[in-house]
Colleague: 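Just dropping this structure here.
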Amino acid sequence: MEKKPFTPRPPRPNNGPRRPNNNNNKDKDPYVINEHIRAREVRLVGDNVETGVYSIQEALKIADNLSLDLIEISPTAQPPVCKILDYQKFLYQQKKRQKEQKAKATKVVVKEIRFGPQTDDHDYNFKLKHAIGFLQEGAKVKAYVFFKGRSILFKEQGEVLLLRFANDLEEYGKVDQMPVLEGKRMIIMLSPKKK
């Protein structure tokens with residue numbers, strides 16, 4: 001097999017500086033502002049303006065006189081709704097609001113505890129201690145008795161066990177759902193008491 005001789009590539013023509021790739025969504029503004037608004041008419045709302053429908057030129061003039069920006073809030077409305085505000089301040093407030101909403105939306109953690117229909121006292125107390133810990137951490141507890149094979153005959157025992165479990169956890173959590181048989185499982189749900 002013959003080797004081909006190395007030939008260098010010809011240099012690229014220099015057509016000036018390369019244009020940046022503007023496909024990045026991070027750089028894109030979430031709102032259309034000022035001259036970039038494409039509607040002919042807009043509905044102005046806000047504290048420092050008279051609410052109403054204005055031509056885009058009038059709205060831009062009002063924003064310019066107040067040394068503020070015209071921000072398209074609702075582009076799908078007919079006509080689009082715009083506000084006159086300082087754009088940077090508006091973005092800051094939006095981020096702050098999103099952050100607060102995220103903080104309020106707490107994640108619900110569900111911990112499972114499994115029993116057999118004939119769970120002995122030592123095992124029961126061990127699992128009870130874990131459940132107390134879970135409830136104190138703020139997690140929900142899903143306790144269930146699993147019936148294997150013919151042990152489904154002892155479903156009354158399972159229900160008694162779960163009710164005893166809920167009773168022992170009374171000061172740490174409240175019962176969301178009383179014992180329910182779902183297939184081979186009898187389930188009870190507990191959530192932590194608010195402090």
Side-chain angles (χ1 to χ4, degrees), residues 12-113 131 133-144 166 169 172-183 185-195:
R12 283 181 77 211
N14 189 2
N15 295 340
R18 273 187 156 181
R19 275 194 226 129
N21 186 359
N22 287 336
N23 292 344
N24 249 356
N25 286 343
K26 289 176 188 170
D27 300 338
K28 194 179 175 204
D29 283 330
Y31 296 94
V32 181
I33 61 166
N34 300 331
E35 290 80 24
H36 299 286
I37 298 171
R38 295 280 158 239
R40 290 182 187 174
E41 287 186 325
V42 293
R43 181 178 303 280
L44 276 185
V45 294
D47 306 329
N48 43 9
V49 278
E50 195 175 312
T51 302
V53 178
Y54 296 86
S55 72
I56 189 70
Q57 289 82 9
E58 283 180 85
L60 284 168
K61 196 178 280 183
I62 294 168
D64 196 40
N65 288 342
L66 295 168
S67 300
L68 295 170
D69 299 303
L70 183 67
I71 306 165
E72 194 176 48
I73 303 295
S74 180
T76 54
Q78 286 300 337
V81 179
C82 294
K83 252 185 176 178
I84 295 179
L85 296 164
D86 179 9
Y87 187 55
Q88 294 304 318
K89 189 177 178 182
F90 174 72
L91 285 179
Y92 171 75
Q93 287 171 340
Q94 292 293 99
K95 279 182 186 171
K96 193 175 173 184
R97 196 174 298 134
Q98 285 173 347
K99 204 173 183 181
E100 284 170 3
Q101 285 174 344
K102 216 180 218 183
K104 284 179 187 174
T106 53
K107 224 176 180 183
V108 177
V109 180
V110 179
K111 300 281 190 173
E112 289 190 358
I113 294 181
F134 296 150
L135 289 169
Q136 285 174 337
E137 288 169 12
K140 283 189 170 194
V141 174
K142 177 181 181 179
Y144 64 92
L169 291 171
Y172 303 101
K174 62 182 191 301
V175 177
D176 290 343
Q177 173 190 316
M178 291 306 276
V180 180
L181 189 65
E182 292 177 8
R185 291 174 166 197
M186 186 172 279
I187 300 167
I188 192 168
M189 286 292 289
L190 299 146
S191 58
K193 280 191 173 173
K194 298 220 170 21
K195 290 164 188 164

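The figures that follow rest on heavy atoms only: side chains count, while hydrogens, waters and symmetry mates do not. Bear in mind that the values here come from a model prediction, so they are computed numbers and not experimental data.
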Colleague: So do Thr51 and Val45 actually touch side chain to side chain, heavy atoms under 4.5 Å?
Modeller: yes

Colleague: Partners of Arg40 by side-chain hydrogen bond (donor to acceptor under 3.5 Å, both in side chains), sequence neighbours excluded?
Modeller: none

Colleague: What is the distance from atom CG of Asn65 to atom CD1 of Ile84, rounded to the nearest 0.5 Å?
Modeller: 9.0 Å

Colleague: Kindly write out the residues that satisfy salt bridge (charged side-chain N to carboxylate O under 4.0 Å, His left out) with Glu112, not counting sequence neighbours, or none if the list is empty.
Modeller: Lys142

Colleague: Would you give the length of the straight line joining atom OH of Tyr144 to atom CD1 of Ile113, rounded to the nearest 0.5 angstrom?
Modeller: 10.0 Å

Colleague: For Lys83, give me all partners under salt bridge (charged side-chain N to carboxylate O under 4.0 Å, His left out), at least two apart in sequence or on another chain.
Modeller: none

Colleague: Do you know which two heavy atoms are closest between Gln177 and Ile188, and how far apart they sit?
Modeller: O-CG1, 3.1 Å

Colleague: What distance separates Glu41 CD from Gln57 CD, expressed to the nearest 0.5 Å?
Modeller: 10.0 Å

Colleague: Does the side chain of Ile33 reach to within under 4.5 Å of the side chain of Ile71, using non-hydrogen atoms?
Modeller: yes

Colleague: Walk me through it: do Gln94 and Arg97 pass the test side chain to side chain contact (heavy atoms under 4.5 Å, CB included)?
Modeller: CA-CA 5 Å; Gln94 292 293 99; Arg97 196 174 298 134; 2.7 Å; yes

Colleague: Look up atom CZ in Phe90 and atom CD1 in Ile73, then write down how far apart they are to the nearest 0.5 Å.
Modeller: 3.5 Å

Colleague: For Lys89, I'd like to know if atom NZ has over 12 heavy atoms of other residues, nucleotides or ligands within 6.0 Å.
Modeller: no

Colleague: Are Leu169 and Phe134 side-chain neighbours, meaning at least one heavy-atom pair lies under 4.5 Å?
Modeller: no

Colleague: Would you mind reporting whether Val32 and Pro75 have side-chain heavy atoms less than 4.5 Å apart?
Modeller: no

Colleague: Taking all heavy atoms of Leu135 and all of Leu190, pick out the closest pair and write down the distance.
Modeller: CD2-O, 4.2 Å

Colleague: Grab the two heavy atoms, one from Glu72 and one from Cys82, that are nearest each other, plus how far apart they are.
Modeller: CA-SG, 3.8 Å

Colleague: Would Ile56 and Leu70 count as a side chain to side chain contact (heavy atoms under 4.5 Å, CB included) here? Give the steps.
Modeller: CA-CA 10 Å; Ile56 189 70; Leu70 183 67; 3.9 Å; yes

Colleague: Step by step, work out the side chain to side chain contact (heavy atoms under 4.5 Å, CB included) result for Tyr31 and Leu91.
Modeller: CA-CA 9 Å; Tyr31 296 94; Leu91 285 179; 4.2 Å; yes

Colleague: Closest approach of Val42 and Ala39, non-hydrogen atoms and distance?
Modeller: CG1-CB, 4.3 Å

Colleague: Does any part of the side chain of Lys174, heavy atoms only, come nearer than 4.5 Å to the side chain of Ser191, both counted from C-beta?
Modeller: yes

Colleague: Would Tyr92 and Asp86 count as a side chain to side chain contact (heavy atoms under 4.5 Å, CB included) here? Give the steps.
Modeller: CA-CA 10 Å; Tyr92 171 75; Asp86 179 9; over 6 Å; no

Colleague: Determine the minimum heavy-atom distance between Asp176 and Lys140, stating which atoms define it.
Modeller: OD2-NZ, 3.5 Å

